[in-house]
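Working notes for the structure below.
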Amino acid sequence: MAEIERLTISLPSDMAAIVNDAVAGGDYASTSEVVRDALHDWQAKRELHLRELAALKADIDTGLADLAEGRVKDFDAERIVERGRSLSANRSRSA
């Protein structure tokens, strides 16, 4: 088992009440369990955010490389709108 380190935290009273209610309601055995569970959720959300950010940066790098190599098309708003309408219509029919 991992080494345990004791921390003291301060929470606004409304958050403390949520933690205490979760323990009193039997959802958790202790306030420490509530905080550990919340931190696990936060860590997973943060890792997802970092992966999404890395993917976005990779897409930007790809776009910049395409631009540098001349792999671009003229912007045509009407073509984009028509493509969106077509995709939307196809989804509506398949739903």
Side-chain angles (χ1 to χ4, degrees):
M1 179 165 190
E3 186 177 324
I4 300 294
E5 183 175 339
R6 185 177 193 90
L7 301 175
T8 301
I9 62 169
S10 299
L11 297 172
S13 58
D14 59 331
M15 293 180 101
I18 292 169
V19 171
N20 291 327
D21 288 348
V23 175
D27 295 329
Y28 294 90
S30 69
T31 57
S32 292
E33 283 188 13
V34 177
V35 173
R36 277 193 295 272
D37 194 33
L39 285 172
H40 284 294
D41 288 346
W42 171 80
Q43 185 178 25
K45 182 179 174 183
R46 179 168 167 76
E47 288 171 1
L48 175 61
H49 174 76
L50 291 174
R51 283 194 306 273
E52 289 173 342
L53 184 58
L56 179 59
K57 287 179 179 179
D59 286 345
I60 291 169
D61 289 343
T62 298
L64 292 173
D66 285 345
L67 181 62
E69 294 294 323
R71 294 183 298 260
V72 295
K73 294 181 182 178
D74 289 334
F75 181 79
D76 182 352
E78 288 182 26
R79 179 180 59 83
I80 294 169
V81 168
E82 184 53 41
R83 182 167 183 250
R85 286 183 180 141
S86 175
L87 289 171
S88 179
N90 288 337
R91 280 192 206 125
S92 296
R93 283 187 227 132
S94 66

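Note that these values count all heavy atoms, side chains included, but never hydrogens, waters or copies made by symmetry.
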Between Val34 and Leu39, is there a shared hydrophobic cluster once you connect ILVMFWY residues whose side-chain heavy atoms come closer than 4.5 Å? yes

Taking the hydrophobic residues Ile, Leu, Val, Met, Phe, Trp and Tyr, and joining any pair whose side-chain heavy atoms are under 4.5 Å apart, which ones share a cluster with Phe75? Ile80

Where at least one partner belongs to residues 63-84, residue pairs that pass salt bridge (charged side-chain N to carboxylate O under 4.0 Å, His left out), sequence neighbours excluded: Asp66-Arg71

Any link between Leu11 and Ile18 through a network of hydrophobic side chains (Ile, Leu, Val, Met, Phe, Trp, Tyr) touching at under 4.5 Å? no

side-chain hydrogen bond (donor to acceptor under 3.5 Å, both in side chains) partners of residues 21-46, not counting sequence neighbours, each pair once: Tyr28-Asp37

Where do Ala29 and Val23 come nearest, in terms of heavy atoms and distance? O-CG1, 4.0 Å

Contacts satisfying side-chain hydrogen bond (donor to acceptor under 3.5 Å, both in side chains) that involve residues 49-64 (not counting sequence neighbours) are none

Inter- and intrachain pairs under side-chain hydrogen bond (donor to acceptor under 3.5 Å, both in side chains), touching residues 4-13, at least two apart: none

Apart from Leu64 itself, which Ile, Leu, Val, Met, Phe, Trp or Tyr residues share its cluster (side-chain heavy atoms under 4.5 Å, direct or through members)? Leu56, Ile60

